[in-house]
Each structure stands twice: as structure tokens, then as C-alpha cells.
Amino acid sequence: MTFEAQLKSAVQSNDLINHYQPIINTKDKSVCGVELLLRWPTENGMISPGVFIPIAEEIALIIQITEQALIRVLNEFSDFLKSNPQFYISINLSAIHILRSDLTSCLIEIINPFDISPRQFRLEITESILMDDKDRALEQLNSLKKAGFRLFLDDFGTGFSSLTYLSQFPIDVIKIDQSFVRDIGSNKVNESIIKTILTLAKNLEIYCVAEGVETREQIHFLTKQGCTNFQGYYFDKPMSYPDLIESGRIQKLIDEIRKT
């Protein structure tokens with residue numbers, strides 16, 4: 001109860017902050033986008049989203065938290081997005097978002113004043129969201145897709161995976177979970193699963209982003225299988241907007257990618 005009260009106070013004061021982890025395209029030698037990752041700074045250090053997001057969902061704060069985060073993104077990135085129209089921001093959605101009937105209109109209402117295209121946003125959903133209410137999920141995703149948003153299926157393969165998700169829902173990108181990537185070089189079964197996911201994506205004419213990439217060995221394996229989009233500590237950790245943009249970190253990162 002104390003934690004919930006502290007979280008409510010933090011949200012009311014807009015104390016949460018955005019961090020961004022670069023998403024790399026090694027084929028184009030570019031930083032194609034970033035994933036938004038929330039952080040909660042306290043006197044005792046940063047609290048990770050893995051701790052406070054489930055609580056926020058339970059006490060109905062996740063909608064407000066997401067809207068605040070999106071407004072911070074737009075305030076920080078609007079000029080950069082306008083001058084880099086292929087660059088995108090990836091944002092996670094919860095089941096509570098999908099159950100909200102006015103989700104698309106609310107997102108558009110926030111974005112429109114900044115004159116940014118929905119095409120520069122990727123909305124990440126998990127398999128569990130699709131399982132909760134397939135009809136509602138399909139309706140919402142079709143609405144988001146029609147509005148111009150691109151849709152990521154996050155953590156693919158870690159839940160009760162069903163190929164019908166990919167045939168029934170308008171998914172643009174599959175994110176390969178870091179639990180598979182982590183085992184490259186030590187687990188042949190997970191390597192085979194990665195190969196299958198990449199082959200499936202290619203046949204469906206969508207692409208994959210590999211999460212949790214930390215070693216050159218993982219990059220070589222994934223590249224050999226046709227994956228060229230990566231996210232992980234090998235390239236960079238999540239960081240604030242000033243550390244990412246104002247420090248020139250993106251250009252430094254591009255220079256490093258060209259040496260990869």
C-alpha cells in the first residue's frame with residue numbers, strides 16, 4: 001500500500017522519466033529508432049519498470065503513465081522526428097490499453113498538435129494481450145494500423161505462441177525475445193527456434209528485431225540467418241534524451257556500427 005501511494009504521488013507529480021534504447025539496422029548502418037523505457041527516480045535510486053508497471057496496471061494508472069510518457073517523447077523528439085522521417089519511437093502497450101475503446105483517437109489527439117506522423121511510432125504488444133480478448137484485440141489493432149501506427153509483436157515465442165496470431169492480426173514486426181538470443185552458442189534448440197522465427201517472418205514478408213544482443217557471436221549468428229535489426233547492450237544501454245541526442249551519441253553509434 002505504501003508503494004502504491006508513492007507511485008500515485010510520482011505519477012501525479014509527473015516524476016517518471018523516459019529512457020531510450022537504440023534499435024540498430026546493421027544492413028543500412030543506421031540507428032533506425034529507439035524503444036521507450038520508463039524509469040522512476042527515487043531517493044533510493046532508479047526503480048525499473050518491471051517493478052512498478054505491474055502495480056500501475058493493477059491500480060489503473062497505466063493509461064495516465066503512458067500518456068505522460070508519450071507527451072515527454074513528443075516534447076523531446078518532435079524536431080528530431082521531423083528532420084529524420086524514417087526514425088521511429090517504439091512504445092509498449094498493455095492489455096488495459098487494448099481494452100480501451102478510444103485508444104486510437106486518444107493517441108492521435110496527443111500526437112496531432114506536434115505535427116508528427118503516426119508512422120513514426122511502433123506500438124509493442126505481447127502474445128498474452130492477443131489471448132485475453134481476440135475480437136477486441138483485432139478490432140483495436142486494425143484501428144491503430146488504419147491510423148498509420150506500426151505494430152510490433154513483442155516477446156514472440158515465450159508465451160502460448162500461435163501462428164494464427166500472425167495470420168489474423170496486422171503485425172508488422174516480430175521481436176525475438178532476449179531469452180532466445182542469450183542462449184546463442186550454448187543452446188541448439190533455441191538457435192533452431194530463432195531460425196524458424198526468422199524463416200517464418202521472411203515468408204510472411206515481415207521482419208524481426210532481436211532483443212538483448214550483447215555479443216559479437218550473437219550478431220554473427222543472427223546476421224547469417226538474415227536478421228539485421230538489433231537492440232541490446234552490445235550497442236548501447238537505455239539512456240536519457242540528452243545523452244542520446246544532444247551528446248551526439250547517435251552519430252558516434254553509427255560510426256561504431258560501420259566498423260561492425
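Side-chain atoms of Q218 come within 3.5 Å of backbone atoms of T215 as a donor-acceptor pair (strictly under, hydrogens ignored). T223 places no side-chain N or O within 3.5 Å of a backbone atom of H220 that could act as its donor or acceptor partner. When atom types are taken as modelled, the side chain of S13 and the backbone of A10 share no donor-acceptor pair closer than 3.5 angstrom. The backbone N or O of S94 sits less than 3.5 Å from a side-chain atom of H97, completing a donor-acceptor pair. Checked by atom type and distance alone, the side chain of T196 pairs as donor or acceptor with a backbone atom of S192 at under 3.5 Å. Under a 3.5 Å cut-off, the side chain of R249 and the backbone N or O of D243 do not form any donor-acceptor pair. Side chain of S143 to main chain of E139: no donor-acceptor pair is present (N/O by atom type, distance under 3.5 Å, no hydrogens or angles). Between the side chain of Q140 and the backbone N or O of I98 there is at least one donor-acceptor pair closer than 3.5 Å.
Inter-residue side-chain proximity for I184 and E191 is flagged as met; some heavy-atom pair is nearer than 4.5 Å. Residues R72 and L36 fail the side-chain proximity criterion, which asks for heavy atoms closer than 4.5 Å.
Shown here for L81 and Q120, the closest heavy-atom pair between the two residues is O-NE2, 3.1 Å.
Listed by chain and number, the hydrophobic cluster partners of I59 are F3, L7, V11, L16, L38, W40, I47, V51, F52, I53, I55, L61, I62, I63, I65, I96, where partners are ILVMFWY side chains within reach of under 4.5 Å, directly or through others.
The number of heavy atoms from other shown groups lying within 6.0 Å of CD (E246) is above 12. At most 12 non-hydrogen atoms from other residues, nucleotides or ligands lie less than 6.0 angstrom from CD of Q86.
Take V31 and apply the side-chain contact (heavy atoms from CB on, under 4.5 Å) test, not counting sequence neighbours, and it matches P22, I24, F87, I250, L253, I254, I257.
Residue E214 holds its CD atom at 12.0 Å from CZ of F235, rounded to the nearest 0.5 Å. The structure places CE of M239 at 11.0 Å from CZ of R39, a figure rounded to the nearest 0.5 Å.
Under a 4.0 Å N-O distance rule, the pair R122/D172 does not qualify as a salt bridge. A salt bridge links D255 to R258: one of the charged nitrogens lies within less than 4.0 Å of a carboxylate oxygen.
The aromatic rings of Y241 and F77 sit perpendicular, their planes meeting at an angle over 60°, well past the 30° parallel limit.
A donor-acceptor contact closer than 3.5 angstrom links the side chains of S179 and D177.
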